[in-house]
Amino acid sequence: MAHEWGNYPENFTPKMYWGARAILERVNGRPGKSLDLLPDRQSFERLDGSQRDPDTFIDWINTKVLPELRRLARENRFYEWNDLVTIQSEDGAFMCQATPKGSGGEYLYIGCWEVESR
């Protein structure tokens, strides 16, 4: 099962998915938290029928999603279960949702996927 980490969508099976359980950690002398990713707490899956380039997907995660989530972590925005953040790519091809899932602000469960074409 390639989608064991992160915040997997409940209503459908995406054709491409990247997920992670990131660590939210206090930084001495700063009001917010850092967001750290571990290689063994990430997963990627691309199913037959995916319409998007995986390099474009990963680039969007690295250049748009992670910087935004790190900014929000510095502002200490992730604590409660319902602290859900949704980020969508400008062209609408990709979606990301991140939440601490009741971890008390210690972890952030991140799920990014290809939006189904209509």
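Starting from 1, each residue takes its place in the sequence as its number. Just so you know, these numbers use all the heavy atoms, side chains as well, and skip hydrogens, waters and symmetry mates.
In this structure the side chain of I23 never reaches within 4.5 angstrom of the side chain of L35, judged on heavy atoms. Side-chain atoms of V85 and I87, non-hydrogen and from C-beta on, do get closer than 4.5 Å to each other. For the pair S89 and K64, the minimum side-chain heavy-atom distance is 4.5 Å or more. Annotation: side chain of E25 is not in contact with side chain of K33 (no heavy-atom distance under 4.5 Å). Counting heavy atoms from C-beta outward, D40 and W5 have side chains that stay 4.5 Å or more apart.
Remark: W113 pairs with no residue by the side chain to side chain donor-acceptor pair (under 3.5 Å) rule, at least two apart or across chains. Not counting sequence neighbours, D83 has no partner by the side chain to side chain donor-acceptor pair (under 3.5 Å) test. Under the rule for a side-chain contact (heavy atoms from CB on, under 4.5 Å), the partners of A20 that lie at least two apart in sequence or sit in another chain are W18, L37, Q42. Scored by the side-chain contact (heavy atoms from CB on, under 4.5 Å) test, D55 finds D53 as partners (sequence neighbours excluded). Shown here are the salt bridge (charged side-chain N to carboxylate O under 4.0 Å, His left out) partners of R71, two or more places apart in sequence or in another chain: E68, E75. In this structure, the side chain to side chain donor-acceptor pair (under 3.5 Å) partners of R46, at least two apart in sequence or on a different chain, are S50. The side-chain contact (heavy atoms from CB on, under 4.5 Å) check on N62 picks up I58, L66, with sequence neighbours excluded. For N76, the side chain to side chain donor-acceptor pair (under 3.5 Å) test picks out no residue, with sequence neighbours left out. Checked against ring-ring contact (aromatic ring centres under 6.0 Å, His included), F57 has the following partners two or more places apart in sequence or in another chain: F94.
Heavy-atom contacts from other residues, nucleotides or ligands closer than 6.0 Å to CZ of R77 number 12 or fewer.
Expressed to the nearest 0.5 Å, how far CG of L69 lies from SG of C96 amounts to 5.5 Å. A distance of 8.0 Å separates CZ in F44 from CD1 in I61, rounded to the nearest 0.5 Å. In this structure, R70 CZ and L24 CG are separated by 10.5 Å, a value rounded to the nearest 0.5 Å.
Linking ILVMFWY residues whenever their side-chain heavy atoms come closer than 4.5 Å, directly or via other members, leaves Y8 and Y109 in distinct clusters.
In this structure, L47 shares a hydrophobic cluster with no other residue, the cluster being traced through Ile, Leu, Val, Met, Phe, Trp and Tyr side chains under 4.5 angstrom apart.
Screening Q51, E116, E45, E114 for a side-chain contact (heavy atoms from CB on, under 4.5 Å) with K15, the sole residue that qualifies is E114.
Judged as a side chain to side chain donor-acceptor pair (under 3.5 Å), the pairs with a partner in residues 92-107 (not counting sequence neighbours) are, in order, T86-Q97.
Closest approach of A73 to F78, counting heavy atoms only: N-CE1, 3.8 Å.
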